[in-house]
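To keep things clear, I will list the structure first and then write my remarks on it.
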Amino acid sequence: MKIVVCVKQVPDSAAKVVVENGKVTWGDAPLVINPWDEYAVEAALQQKEAHGGTVTAITMGGESAKDALKHALAMGADDAILISDPALSNLDTQATAQVLSAAIQKIGGVELAFFGRQAIDGDAGLVPAQTARLLDWPALTLASTIKVEGDSVRVERAIEEGRQVVTAKLPAVFSLVKDFGEPRYPSFMGIRKASRAVIPAWSLAELSISAPAAVIAWTEITNPPSREVKCDIVTGGSPEEIAEALADKILAEKVL
Amino acid sequence: MNTFVYIDHFKGNALPASWEALGVAKTLGTVAAVIFGSGMEALAKTAFEYGADEVLLADDVSLADYRAEAFASTLSAAAASRTPDLLLFPTTTRGRELAAMAAIDLKTGVMVDVIALEAKDGKITVTRPIYAGKLLTKETCSSKPQIITLRGRAFPKPAQQAGKSGTLTKVAAVTGDFPTKVEGYAESGGGVSLTDASVIVSGGRGVSNNPALTPPGGLDEKQAEIWKAQQGFALVKDLASALNAAVGASRAAVDAGYVPYTHQVGQTGKVVSPDLYIACGISGAIQHLAGMRTSKLIVAINKDAEAPIFKLARYGVVGDMFQVVPALTAAFKKRLGK
Ligand SMILES: Cc1cc2nc3c(=O)[nH]c(=O)nc-3n(C[C@H](O)[C@H](O)[C@H](O)COP(=O)(O)OP(=O)(O)OC[C@H]3O[C@@H](n4cnc5c(N)ncnc54)[C@H](O)[C@@H]3O)c2cc1C
Ligand SMILES: Nc1ncnc2c1ncn2[C@@H]1O[C@H](COP(=O)(O)O)[C@@H](O)[C@H]1O
C-alpha cells in the first residue's frame, strides 16, 4: 500500500510570534513539524504496520523544511520528498493544494494521503479538503479512527454533535483529530537514519505544472491590541468572604 | 452585494453561528440562505425569521446526511448558476469543509475564521487571527465569488422576527456516484456546547491537587490521581451548572485522563470566546491562552500568584480552588436564586 503524508514546517507553538516592521518574527524559537502533522505521520505508520507498504513524507517549503521531513523519517517514514521552487512562495491554501495534489499524482498509485487538521501558522484547516477535491478523492477529515479493509475504509469523524461514521472507497484523503491517539516519539535508530537520509527536491518542472496563483493576499499583519487588563486580586478573611466579593464583582460586570 | 449564507445544521437544528452569518450578510445587501437536507421546511421558515430574503432549498433524501462531496457539488452548482458576490459560512466543521471545496470548484479562495470585516465597492477586507491569535491579519481575495467563514460568537446574532417570510426557491440536489456513505452517528453526551457557550468554567491540572483527600483503598497511583482529579472536577462542574455554563479543561487535565478531549480549550483544542471564562487550577500556558484569550471577562483561581493566567484575568483569587470554587458556587446560587 502506497501511503503519503503531507507535513509542514512551522514555528514552535510556544514561540512568541510578533510583527516587527511588517515582518513576522519568532525570535530564536525553533521551527518544528506542525504538531497536527505528527498525528498524520502516526496514522500513516499505523496503516503501514497493519497492511504493509511504504510511507512517503512530502512537504512544500524552503530548504530548511527538510527538518520537518527528517522528523517524519525519524518517526518511521520510509522516504521523503521536498517540493521547492522559488515560484512557490506566499501561496494560499488552494494553490498549496494544487501543488500537493500534483505531487501525489506524480508519486502515483497512492491509496492513502494523510494530512494534519490545520497548520498552526496560518490556522486555515483547508488544505486537506481542497487537495481531496482536486484529486476527486473522498475527504475523510477529522478522523478519530480509521479501518482499512481491502479497497474500502471506515472512519469515525469528529463533528460538533459527536461522531459521524463514514465508509468510502480508496484512494482517500484523511486528516486526524487528537482523539486518534498520541503520535510516537522518534526512535534513536530513526533519528540516525533520518540524519543520513538524502532527500530529493522536486521543482515545478518535475511536477509538470506551472506556478499556481494565490488569490488570497495578506494585506496587513498586526500584533493584536494588548489587553490592558490589570488583574484585581480579590482578597478576604475566608474563602467564603472572597467568594462573596468575587461573585458580586462578576455580577456587576453584567456578563451573566 | 448578493450573498449566499450556508445554514449549517444537524438534523434540522441549526448551529447558532449560522444565524450570526445571516446577520452579517444582511448588513451587506440581499441574502439567500442555503439549506440542504431532508425535511427542512421548518428550518427554512426559521431562516426567513432571522432575515433571509430568499431561501435556496435542496430538500432531498439523498441529502439527509451531510456528505462533503454531495453537499459541495450541490452548493457549487447553485453558486455557478446564480453568481453571488459572496458565500458566507459559519466556521463549523462542515462549514469550513464546504467552503474549502466550493473554493476549488469555483476557482477562488477562502478567508477562514474571520472575526471582523468591511466591504467597499463590493470588495471585502477581513480580519482574522493567525498563529493561534498571536497575530491578526487583514486579507482580501482577488477572485469571485469571495468565500468567507465567520468565527462563532464574533458577530451578534440577529433578532428573530416571528412570522416573517420570503421567497422559497427549490434547488436540485446534485446526485451522483459519490464515494462516501454515512453509516451512522455516535452522538456526544450533550450539555452546553463549548464553542456556543456564553459562560465557561474550566479546570486544569490543579483539580487533582487536594492533599486533604484520601482516595479509597486498592487504587494504584494513577487511579488514585484520577480519583482525586474527579473529585476536583466535580467542583468545577458544580460551578458550571450553577452558572448554566459549559465545562472546559486544559490539555494537562485531558492528557492525564481527567476529562475527555472534547472539553479541551486551546491551540490543539477548541477556540472559545465566551462572555465569562473562569479558569480553576490552570497555569495559563501560551497554548491554553490561544484558545480563550478573546473571552470578554476572564477570572482565574490559582494558588500560585505568579501563574501567567493572572496576566489575562480581570479578577483573580490567589488561593486553593478546593476552598474557593465551592464557596463561589454557593455565593452564585444564593445570588441567582437557585
Ligand atoms: C503543541 C502543543 C499544543 C498544546 N495545546 C494545548 C491546548 O490546546 N490546550 C491547553 O490547555 N494546553 C495545550 N498545551 C499544553 C500547555 O503547554 C500546558 O502544558 C497546559 O496548558 C498546562 O495545563 P494546566 O495549566 O492545567 O497545568 P499546569 O501548567 O501544571 O498548571 C496547573 C496549575 O494549577 C495550579 N494549582 C495546583 N493546585 C492548585 C489548587 N489546589 N488550587 C488552585 N490552583 C492550583 C498551579 O499553581 C498551576 O498554575 C499544548 C502544548 C503543546 C506543546
Ligand atoms: N506547505 C505544505 N507542505 C506540505 N503539507 C502542507 C503544507 N501546507 C499545508 N499542508 C498540509 O495541510 C494541513 C492543513 O494545512 P492548512 O490548511 O494550511 O491549515 C497541514 O497540517 C499539512 O498536513
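In what follows, chains carry the letters A, B, and so on, assigned in the order in which the sequence lines appear, proteins first and then strands, with residues in each chain numbered from 1.
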* Any donor-acceptor N or O pair under 3.5 Å, side chains B:Q264, A:K178 -> yes
* Within the side chain of B:E139, is there an N or O that forms a donor-acceptor pair under 3.5 Å with the backbone of A:A217? -> no
* So does A:E182 have more than 12 non-hydrogen atoms from other groups sitting under 6.0 Å from CD? -> yes
* Asked: chain A heavy atoms under 4.5 Å from B:Q323: which part of the residue, side chain, backbone, both or neither?
  -> both
* Asked: So which of A:I242, A:N223, A:L126, A:V10 has the biggest tally of heavy-atom pairs under 4.5 Å with chain B?
  -> A:L126
* Return yes if some donor-acceptor pair links the side-chain N/O of A:E160 with the main-chain N/O of B:T93 below 3.5 Å, else return no. => yes
* Select one option (side chain, backbone, both, neither) describing which atoms of B:R128 are under 4.5 Å from chain A's heavy atoms. => side chain
* Rounded to the nearest 0.5 Å, what's the gap from CD on B:E97 to CZ on A:R157? Could you check? => 4.5 Å
* To do: Answer with side chain, backbone, both or neither: which region of B:L194 has an atom nearer than 4.5 Å to a non-hydrogen atom of chain A?
  => neither
* **Side chain, backbone, both or neither of A:L142 within contact of chain B (heavy atoms, under 4.5 Å)** => side chain
* Structure fact -> So, the part of A:A158 with a heavy atom under 4.5 Å from chain B: the answer is backbone
* Derivation of the side-chain hydrogen bond (donor to acceptor under 3.5 Å, both in side chains) call for B:S76 and A:R133 -> CA-CA 12 Å; B:S76 300; A:R133 197 72 176 164; 4.8 Å; no
* Minimum-distance pair of heavy atoms, taken over all atoms of B:Q287 and A:S13 -> NE2-OG, 2.9 Å
* To do: Could you check which of B:L243, B:D105, B:T149, B:T91 has the highest count of heavy-atom pairs closer than 4.5 Å to chain A?
  => B:D105
* **Least distance between heavy atoms, B:G133 atom then A:P224 atom** => O-CG, 3.5 Å
* **Side-chain heavy atoms of B:D113 within contact of A:D123, under 4.5 Å** => no
* **Greatest number of heavy atom pairs closer than 4.5 Å to chain A - which of B:V317, B:V324, B:D320** => B:V317
* Under 4.5 Å from any heavy atom of chain A - which part of B:A290 -> neither
* Toward chain A, the part of B:T294 with a non-hydrogen atom under 4.5 Å -> backbone
* With no hydrogens and no angle check, is any side-chain donor or acceptor of B:K134 less than 3.5 Å from a backbone partner on A:A15? -> yes
* Asked: B:I286 versus chain A, heavy atoms under 4.5 Å apart: side chain, backbone, both or neither?
  -> side chain
* To do: Could you look at A:I216 and say if it's the side chain, the backbone, both or neither that has a heavy atom under 4.5 Å from chain B?
  => both
* Asked: Considering all heavy atoms of both residues, which atom of B:A327 and which atom of A:P239 are nearest to each other, and what is their separation?
  -> CB-O, 3.8 Å
* Asked: Nearest 0.5 Å, what's the NZ-CG distance between A:K254 and B:L297?
  -> 13.0 Å
* **Where B:I104 and A:L134 come nearest, the two heavy atoms and their spacing** => CG2-CD2, 3.6 Å
* So which part of B:V182 gets closer than 4.5 Å to some heavy atom of chain A, the side chain, the backbone, both or neither? -> both
* Say you draw a straight line from CD of A:Q118 to CZ of B:R96; how long is it, rounded to the nearest 0.5 Å? -> 4.5 Å
* Do the non-hydrogen side-chain atoms of B:F332 and A:I250 ever get within less than 4.5 Å of each other? -> yes
* Taking A:T93, A:T141, A:D92 one by one, which has the highest count of heavy-atom pairs under 4.5 Å against chain B? -> A:T141
* So, do A:P11 and B:Y131 sit near enough that their side-chain heavy atoms are less than 4.5 Å apart? -> yes
* Asked: Among A:I233, A:V234, A:T167, who wins on heavy-atom pairs under 4.5 Å with chain B?
  -> A:T167
* Structure fact -> Per-residue tally against chain A (heavy atom, under 4.5 Å) across B:A331, B:G319, B:G184, B:S198 peaks at B:G184
* Side chain, backbone, both or neither: which part of A:W26 has a heavy atom under 4.5 Å from chain B? -> side chain
* Measure the shortest side-chain to side-chain distance between A:V24 and B:L135 over non-hydrogen atoms and say whether it is less than 4.5 angstrom. => yes
* To do: Starting at OG1 of B:T268, measure out to OH of A:Y39 and round the result to the nearest 0.5 Å.
  => 6.0 Å
* Asked: Looking only at atom types and distance, does a side-chain atom of A:D232 sit under 3.5 Å from a main-chain N or O of B:R314, one as donor and one as acceptor?
  -> no
* Structure fact -> Taken to the nearest 0.5 Å, the spacing of B:L328 CG from A:E244 CD works out to 9.5 Å
* Tell me, for A:D136 versus chain B, whether the close heavy atoms (under 4.5 Å) come from the side chain, the backbone, both or neither. => neither
* Asked: Any side-chain heavy atom of A:L251 within less than 4.5 Å of one from B:L336?
  -> yes
* Asked: Who among B:G269, B:A68, B:A132, B:A305 has the most heavy-atom pairs with chain A under 4.5 Å?
  -> B:A132
* **Under 3.5 Å: donor-acceptor pair, side chain of B:T137, backbone of A:I221** => no
* Asked: What option among B:G109, B:A300, B:P179, B:A330 has the most heavy-atom pairs under 4.5 Å with chain A?
  -> B:P179
* Could you have a look at A:V255, A:V229, A:T235, A:V215 and say which one has the most heavy-atom pairs with chain B under 4.5 angstrom? => A:V215
* Select one option (side chain, backbone, both, neither) describing which atoms of B:V110 are under 4.5 Å from chain A's heavy atoms. => both
* Heavy-atom pairs under 4.5 Å with chain A are the metric here; pick the option from B:A285, B:S295, B:A245 that has the most. => B:S295
* Asked: Is the backbone N or O of B:Y66 less than 3.5 Å from a side-chain atom of A:Q164, with the two atoms forming a donor-acceptor pair by type?
  -> yes
* **Winner by heavy-atom pair count (cut-off under 4.5 Å) against chain B, out of A:Q98, A:E161, A:Q130** => A:E161
* **Nearest heavy atoms of A:P138 and B:E69, plus distance in Å** => CA-OE2, 3.3 Å
* Heavy-atom count around A:D151 CG within 6.0 Å, excluding the residue itself: above 12? -> yes
* **Heavy-atom pairs under 4.5 Å with chain B, option from A:V153, A:L140, A:L246 with the top count** => A:L246
* Go through the atoms of B:N244 and report whether side chain, backbone, both or neither lie under 4.5 Å from a heavy atom of chain A. => neither
* To do: Check whether B:K334 gets within reach of chain A through its side chain, its backbone, both or neither, counting any heavy atom under 4.5 Å.
  => side chain
* Asked: Within a strict 4.5 Å, meaning less than it, do heavy atoms of the A:L256 and B:R335 side chains meet?
  -> no
* Name the region of B:F178, side chain, backbone, both or neither, that has any atom closer than 4.5 Å to a heavy atom of chain A. => neither
* Might you point out which heavy atoms bring B:T108 and A:Q94 nearest each other, and give the distance in Å? => O-CG, 3.6 Å
* For B:V126, is it the side chain, the backbone, both, or neither that has a heavy atom closer than 4.5 Å to a heavy atom of chain A? -> neither
* Find the distance between CD (A:E253) and CG (B:D275) and round it off to the nearest 0.5 Å. => 11.5 Å
